[in-house]
A.B. asks: 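Just passing along the structure, written as structure tokens.
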2 protein chains.
Amino acid sequence: MSDAEQTRQKIITIAADEIHQHGFQATSLSTILSRCGISKGALYYHFTNKLELGYAVFEENFIPLLLATWQPALSQDDPIEGLCDFFTSMSDSMVCSEAVCGCPLNNLCEEMANVDEGFRLRILSMQQKLNALIVDAFTKVKGDLRPELAFGQVAYFIVATFHGSTSLSKTSRNKELFQQVIAELCHYIRALKK
Amino acid sequence: MSDAEQTRQKIITIAADEIHQHGFQATSLSTILSRCGISKGALYYHFTNKLELGYAVFEENFIPLLLATWQPALSQDDPIEGLCDFFTSMSDSMVCSEAVCGCPLNNLCEEMANVDEGFRLRILSMQQKLNALIVDAFTKVKGDLRPELAFGQVAYFIVATFHGSTSLSKTSRNKELFQQVIAELCHYIRALKK
DNA sequence: ATGATAACCAACCGATCGGTTTGTTGCAAG
DNA sequence: CTTGCAACAAACCGATCGGTTGGTTATCAT
């Protein structure tokens, strides 16, 4: 990897961490620069402005991260149990510092969807991709599921509840509350089976 | 009402609208001042700083608004149907401009819970109050509900899903998606009955 | 050896932020 | 009639923001 590409990756990685912690608007370029150990000229050599840096972080860091997080759970032979195990292990292993930051997708959705159209469309695209993943997984085992279910609707419901539960855990700082909502979500998911 | 109290109320009302639209941190005092038609000296006569203004907005505007929104649904004879009617009529009557702004409680939770402890504790208190309202309503008709239910857990689940669905509608700008998730939430809620 | 280019640095810019200071007005009590 | 305080207005402050500019260094083909 060339020096330039190395610097670019470093910027994106650190910017992703800052955005995850403080949101996009509250993230200061100065902080990124000092953490990277580079100057502002270096950053603006690689990115035309802050917004383009944000888009790059979303596409090159957040999206692959989200897909890598959800994919394994959904490609199990039994995606129902795969999802429940995924949610449960996440709520069990969650430490306080993670609970505070929340899901990067949900964070950006809350913050930027009604602020910048570029962000909104990228977030929307990712939400649809995630939803399609869940629908595909359910379709593969649709013989085991209740026949009247609308998979798209159910998939959005699951993601909405998951995001809402991460939101709740931000104020409580208590993973037991998160675990409770996740437990209830797993009840719901398992009840999708015949 | 005295002139001073009138000015104070005007500031809070307009600040509440700005915070609801743009979040707390992105809300500019200058904008509030010009919308109110007052000077900065006037604002700082009534509030010691921006944070205290934010607290006042939360306690004197958002909290009463939220309680007035949820209370009627929960004090029905049948809180299950009350909640479903509440959610459904909200998703039906929602216009695009409302969908973009989301729920004030959820917005502040996402933005401020890990930024300011004063906000976090106030939000947490409100979440607990809302949860208690739901638990109380369910307890009154517990004879009609499935016996194995943990009401607190169920209540948090409902609120989490509702907040997650408002989050989803921010990106889609399409109330049909919101309606779908709400419809699935109503399925879940009605299934709480025996 | 030299010119070109990629990759970067340091200093600076205007704008805006939350917050402070000083001054002014209207009314009400003495 | 004047004194005093409540209720503001207007100007200003330092800090920080995203962004720009002009130069510097290292590499590499010619």
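In what follows, every chain begins at residue 1, and chains take the letters A, B, ... in the order their sequences are listed.
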A.B. asks: Go along nucleotides 11-18 of chain D 5' to 3' and tag each nucleotide: B for a protein heavy atom under 4.0 Å from its base, S when only backbone or sugar atoms are that close, - otherwise.
C.D. replies: ------SB

A.B. asks: Looking just at side-chain N and O atoms, do Gln76(A) and Asp85(A) make a donor-acceptor pair shorter than 3.5 Å?
C.D. replies: no

A.B. asks: Tell me yes or no: between the side chains of Tyr55(B) and Glu60(B), is some donor less than 3.5 Å from an acceptor?
C.D. replies: no

A.B. asks: How many Å lie between NZ on Lys10(B) and C1' on dA7(D), as a whole number?
C.D. replies: 15 Å

A.B. asks: Using atom CG of Leu43(B) as one end and atom P of dT20(C) as the other, report the distance to the nearest whole Å.
C.D. replies: 12 Å

A.B. asks: Just by distance, with hydrogens left out, do Gln127(A) and Thr171(B) show a side-chain donor and acceptor under 3.5 Å apart?
C.D. replies: yes

A.B. asks: Report, as yes or no, whether the 6.0 Å neighbourhood of atom CD on Glu176(A) holds more than 12 heavy atoms from other residues, nucleotides or ligands.
C.D. replies: no

A.B. asks: Salt bridge or not between Asp78(B) and Lys193(B)? Use side-chain N to carboxylate O under 4.0 Å.
C.D. replies: yes

A.B. asks: Quick one: closest heavy-atom pair of Arg120(B) and Ala113(B), and the distance?
C.D. replies: CG-O, 3.3 Å

A.B. asks: Taking CD1 from Ile11(A) and C1' from dA7(C), how many angstroms apart are they, rounded to a whole number?
C.D. replies: 11 Å

A.B. asks: Rounded to the nearest angstrom, tell me the gap between atom CD1 in Ile38(B) and atom C1' in dA7(D).
C.D. replies: 11 Å

A.B. asks: For dA6(D), take OP1 and OP2 only and decide whether either is under 4.0 Å from a side-chain N or O of His46(B).
C.D. replies: no

A.B. asks: Among dA9(D), dC9(C), dA6(D), which nucleotide has an atom closest to any side-chain atom of Tyr45(B)?
C.D. replies: dA6(D)

A.B. asks: With a 4.0 Å cut-off, would you call Lys175(A) and Asp92(A) a salt bridge?
C.D. replies: no

A.B. asks: Measure CD/Glu5(B) against P/dA6(D) and give the value in whole Å, please.
C.D. replies: 15 Å

A.B. asks: When you look at Lys10(B) and Glu5(B), which way does the salt bridge (Lys or Arg N to Asp or Glu O under 4.0 Å) test go after all the steps?
C.D. replies: CA-CA 9 Å; Lys10(B) 190 172 187 179; Glu5(B) 187 57 26; over 6 Å; no

A.B. asks: Do Thr27(A) and Glu18(A) have side-chain N/O donor and acceptor atoms under 3.5 Å apart?
C.D. replies: no

A.B. asks: Go through residues 109-120 of chain B and report each residue with a non-hydrogen atom lying under 4.0 Å from DNA chain C, sorted by number.
C.D. replies: none

A.B. asks: When the nearest nucleotide of DNA chain C is assigned to Gly37(A) and to Leu51(B) on a heavy-atom basis, which residue is associated with the more 5' position?
C.D. replies: Gly37(A)

